[in-house]
Amino acid sequence: MNRERIIRTALVVASAAVVAACGGGDGKPDDVPAASDAVPAAASQSAEGLVDWLRALAQEADAADAKPPLDLSAFEPPAVDDREPLPVR
């Protein structure tokens, strides 16, 4: 009986340690700027990059409203290409 109690206690302590070690981060690296901070170079290089940035920007709409306007002087939208259109997601 004593051995079972020790094993249960050890399992509870180990479970608590694992949960505490998770950290609760959002999985994003800290050095990646928010979409509302600047226009990424990928947005000017391809239509896919532009769409990805616009999606990320839409997800941060509330945070973007509180920031100053983006500097679009270096932004040059991608030119039309002859590739097949991407499927709608």
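Position 1 is the first residue of the sequence; numbering continues from there.
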Enquirer: Let me confirm one number: the CH2-OG distance from Trp53 to Ser44, rounded to the nearest 0.5 Å.
Expert: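 If we round to the nearest 0.5 Å, Trp53:CH2 and Ser44:OG are 8.5 Å apart.
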Enquirer: Quick one: closest heavy-atom pair of Val39 and Asp71, and the distance?
Expert: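 Scanning both residues, the minimum pair turns out to be CG2-O, 4.3 Å.
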Enquirer: Quick check: are there more than 12 heavy atoms from other residues, nucleotides or ligands sitting under 6.0 Å from CD of Glu48?
Expert: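 More than 12 within 6.0 Å, yes.
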Enquirer: side-chain hydrogen bond (donor to acceptor under 3.5 Å, both in side chains) with Gln59: which residues, sequence neighbours excluded?
Expert: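 Not a single residue meets the side-chain hydrogen bond (donor to acceptor under 3.5 Å, both in side chains) criterion with Gln59.
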